[in-house]
There are 2 protein chains.
Amino acid sequence: MPTIKDIAKAAGVSPASVSRVINNGPKVGKTTREKIKRIIEEMGYSPNANAQAINAHSSASVGLVLANLIDPFYAALAHGIEQVAARRGAQIFLNSCDDTKESERRAIETLLEHRYQSIVVHSLFLEDEELIRLAKSVPGLVLINRYIEALADRCVWFDDEMGGRLMAQHLVKMGHREIAVIAGESGFSSASQRIPAAIKELNRLGVIVHPEVVEVAPANYEGGQVAMQNLLASKKPFTALITYNDPMAIGAIAMLNAQGLAVPGDVSVIGYDNLMLANCIEPKLTTIHHQIGEMAVVATEMALSKIVMPPAIEKRHFKPHLVERDSVVLRA
Amino acid sequence: MPTIKDIAKAAGVSPASVSRVINNGPKVGKTTREKIKRIIEEMGYSPNANAQAINAHSSASVGLVLANLIDPFYAALAHGIEQVAARRGAQIFLNSCDDTKESERRAIETLLEHRYQSIVVHSLFLEDEELIRLAKSVPGLVLINRYIEALADRCVWFDDEMGGRLMAQHLVKMGHREIAVIAGESGFSSASQRIPAAIKELNRLGVIVHPEVVEVAPANYEGGQVAMQNLLASKKPFTALITYNDPMAIGAIAMLNAQGLAVPGDVSVIGYDNLMLANCIEPKLTTIHHQIGEMAVVATEMALSKIVMPPAIEKRHFKPHLVERDSVVLRA
DNA sequence: TTGAAAGCGATACCAT
DNA sequence: ATGGTATCGCTTTCAA
């Protein structure tokens with residue numbers, strides 16, 4: 001691949017002129033400009049973005065740290081980010097980190113090494129201190145779906161506790177008193193408060209949740225199946241089920257059906273996330289909606305604008321709401 | 001952010017030594033090495049990846065061009081790529097291109113400018129010639145889900161025509177003679193042959209498909225709904241439906257249900273892709289399975305190994321198969 | 001083992 | 001309008 005010097009030589013001009021042409025700069029004669037353009041075309045030259053970045057001291061793209069892309073929740077997040085990036089003509093440099101603290105750290109470090117000025121991080125495993133340390137050098141680093149006091153201006157997050165309470169309240173309102181719980185495994189325990197908040201609210205409403213009806217499993221469809229299997233094996237009765245998210249809810253429902261139990265006939269089930277999935281299955285899933293895409297958009301815009309002026313807190317702290325569909329019914 | 005010189009100065013050594021330490025190179029005294037390491041730590045230095053890349057004449061990451069991340073098909077593709085990349089310690093530089101030729105071109109060009117040596121492209125809009133031209137400068141550029149004669153060694157693709165035939169054969173085998181079709185909009189007409197192949201096969205089997213029962217819509221859930229609405233409005237009778245992909249099938253089913261028609265009771269429906277979704281809904285969707293993840297893996301490995309030796313064609317040309325579930329039944 | 005210095009590819013200031 | 005050249009941050013010979 002030719003360099004700017006090769007082009008300069010071939011065109012019989014200096015690298016400076018070629019550079020001007022590349023960047024549509026002024027101060028190049030019409031004829032020289034056209035000649036240079038022609039040569040560039042002919043030789044198939046394209047400027048080396050790395051060399052450019054070294055001079056510019058920054059990069060236009062946004063760096064993204066996410067666990068993976070297959071989980072619909074992350075996919076929705078990534079989609080929102082992608083939208084904003086595309087609109088701004090920015091690329092996305094993605095580092096997925098397969099659910100370990102170490103790879104999460106490496107992902108962020110790599111982004112820093114590339115001198116990305118805009119970074120969106122969804123961290124599940126790193127501790128506050130470490131994130132604070134890493135964020136220090138980049139004002140355009142924002143945390144998504146997480147709140148850290150010291151980094152409050154760079155955070156965008158859900159009110160997961162409220163979501164948890166909504167689940168609890170709805171089931172109790174529908175007359176359920178024997179409620180099982182399927183929690184999602186998540187490395188960093190405080191990553192989500194939705195399940196603890198739900199249980200707490202249940203207790204407050206006078207519903208005791210016995211440890212035997214609380215299962216923990218990977219936060220996906222298969223995890224939901226396994227958890228439900230264990231739940232059924234324990235023989236504890238329950239008329240309703242709280243789940244960590246929609247995929248788990250759907251997995252649990254599949255297992256219930258497989259064991260000859262009907263939803264919502266025998267067991268009411270409530271999900272979380274309101275993914276597209278939730279509206280496709282039968283019965284349509286009652287679930288908690290939160291603004292995943294909107295959150296991603298706000299986060300990305302903050303990152304790209306280097307948070308010169310973070311949006312008001314109401315714009316960054318998203319409240320969920322209940323979406324009532326068919327998977328929860330009044331207790332007979 | 002400090003540079004290598006700052007570190008060198010602070011440590012009272014030359015940049016060369018610091019460089020050696022960074023790269024775990026030999027020829028540095030034990031004590032010097034430790035001293036340098038300490039200073040690096042203290043000053044929070046991390047090498048500028050762009051400057052490194054400019055010397056290395058390449059980059060370890062893989063570039064990826066995809067339409068978006070929200071479509072489950074692309075998500076599955078991205079996931080496979082991500083897996084391989086993570087295993088190899090490589091990052092992914094993603095350029096999504098919102099369904100236009102121009103943005104697709106820009107996406108690839110950006111990757112070239114960054115001198116990525118491994119690039120995986122899913123192109124829907126660019127013509128063969130242009131892809132050939134772009135691929136010229138990078139041996140590690142591979143095309144996914146597309147076959148171009150001149151670039152045969154760099155292609156990985158599905159046998160979509162076979163998939164189309166399978167759909168047709170199955171429905172006919174199940175006794176259906178009045179079959180509607182929902183095709184997906186796709187910029188580049190020849191991007192997928194599954195629907196044309198299905199119609200052709202239907203004709204071969206003696207089933208005439210009238211233009212009035214062929215709808216075209218965006219290849220997603222909403223598109224499926226709209227298409228079905230139009231189909232029903234046309235009043236043409238049909239007992240079975242061929243769809244472009246699972247999301248469309250599921251959208252169509254939702255619309256059928258909404259209009260009081262049962263699947264598979266009144267209409268049998270067959271999907272394509274065998275997404276997770278297909279197994280979650282009720283009735284479980286009969287569909288065509290193809291190896292999306294496997295394809296992504298092969299493509300990425302080819303890209304990362306610069307295709308010194310492309311895998312045998314059987315490893316790169318994937319055959320689909322029918323997954324029989326509950327949405328297609330024998331015609332009464 | 002260590003350092004000096006010549007690149008790598010592009011930009012931008014200063015001359016002309 | 002052009003060209004010369006120092007510079008960006010790092011790597012890599014080549015000497016010492």
Side-chain angles (χ1 to χ4, degrees), chain A residues 1-40 43-61 109-117 137-138, chain B residues 1-40 43-61 109-117 137-138:
Chain A
M1 170 117 356
T3 73
I4 198 171
K5 285 182 193 162
D6 299 325
I7 303 298
K9 198 167 296 171
V13 301
S14 77
S17 294
V18 180
S19 175
R20 291 183 186 111
V21 171
I22 294 169
N23 301 291
N24 281 314
K27 311 188 180 205
V28 206
K30 199 171 161 65
T31 50
T32 349
R33 163 162 287 148
E34 261 154 29
K35 181 174 185 183
I36 294 177
K37 274 192 173 167
R38 215 194 54 233
I39 306 260
I40 288 181
M43 304 186 58
Y45 166 77
S46 82
N48 183 321
N50 295 309
Q52 292 181 309
I54 214 182
N55 285 297
H57 294 286
S58 80
S59 139
S61 317
E109 282 173 352
T110 303
L111 258 20
L112 294 179
E113 286 167 9
H114 282 265
R115 300 295 185 268
Y116 283 88
Q117 305 291 297
S137 49
V138 183
Chain B
M1 172 114 3
T3 73
I4 199 171
K5 283 183 195 162
D6 300 325
I7 303 298
K9 199 166 295 170
V13 300
S14 77
S17 294
V18 180
S19 174
R20 292 182 185 112
V21 171
I22 293 169
N23 300 290
N24 282 314
K27 311 185 181 208
V28 205
K30 198 171 161 66
T31 50
T32 343
R33 164 160 294 160
E34 260 151 31
K35 181 173 183 183
I36 294 177
K37 275 192 172 167
R38 215 195 53 234
I39 308 261
I40 287 180
M43 303 185 60
Y45 166 77
S46 84
N48 183 320
N50 295 310
Q52 291 182 310
I54 214 183
N55 285 294
H57 294 288
S58 80
S59 140
S61 317
E109 281 173 353
T110 303
L111 257 21
L112 294 180
E113 286 167 8
H114 281 266
R115 299 294 184 269
Y116 282 88
Q117 304 293 297
S137 50
V138 183

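Every chain is numbered from 1, with letters handed out A, B, ... down the list of sequences.
The two residues A:Pro15 and A:Ile4 have their closest heavy-atom pair at O-CD1, 3.7 Å. Shortest non-hydrogen contact noted between B:Ser46 and B:Met1 is OG-SD, 4.1 Å. Smallest separation of non-hydrogen atoms from A:Gln52 and A:Pro47: NE2-CB, 3.7 Å.
Partner of A:Val13 under the side-chain contact (heavy atoms from CB on, under 4.5 Å) criterion, chosen from A:Val28, A:Ile7, A:Val21, A:Ile36: A:Ile36.
The phosphate of D:dT11 has OP1 or OP2 within less than 4.0 Å of a side-chain N or O from B:Gln52.
Residues A:Thr32 and A:Ser17 form no side-chain contact, since every pair of their non-hydrogen atoms from C-beta on lies 4.5 Å or further apart. Using a 4.5 Å cut-off on side-chain heavy atoms (C-beta onward), A:Asn48 and A:Thr3 make no contact.
Rounding to the nearest 0.5 Å gives a distance of 10.0 Å between CG of A:Leu112 and CD of A:Gln117.
DNA chain C lies under 4.0 Å from at least one heavy atom of each of the following residues of residues 24-35 of chain B: B:Lys27, B:Val28, B:Gly29, B:Thr32. DNA chain C lies under 4.0 Å from at least one heavy atom of each of the following residues of residues 6-23 of chain B: B:Gly12, B:Val13, B:Ser14, B:Ala16, B:Ser17, B:Arg20.
Computed from C1' positions of five pairs at each end, the angle between the two local axes of the helix from C:dT1-D:dA16 to C:dT16-D:dA1 equals 40°, rounded to 10 degrees.
Contact footprint of chain B on DNA chain C: nucleotides with an atom under 4.0 Å from a non-hydrogen protein atom, first to last in 5' to 3' order, C:dT1 to C:dG9.
A:Asn50 has its CG atom 13 Å from the P atom of D:dT11, to the nearest Å.
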Do any N or O atoms of the protein come closer than 3.5 Å to N or O atoms of nucleotides 6-8 of chain D, and which pairs are they?
from: D:dC8; atom 1: O2; to: A:Asn55; atom 2: OD1; distance (Å): 2.9

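Partners of A:Glu34 according to the side-chain hydrogen bond (donor to acceptor under 3.5 Å, both in side chains) rule, which considers only residues two or more places apart in sequence or in another chain, do not exist here.
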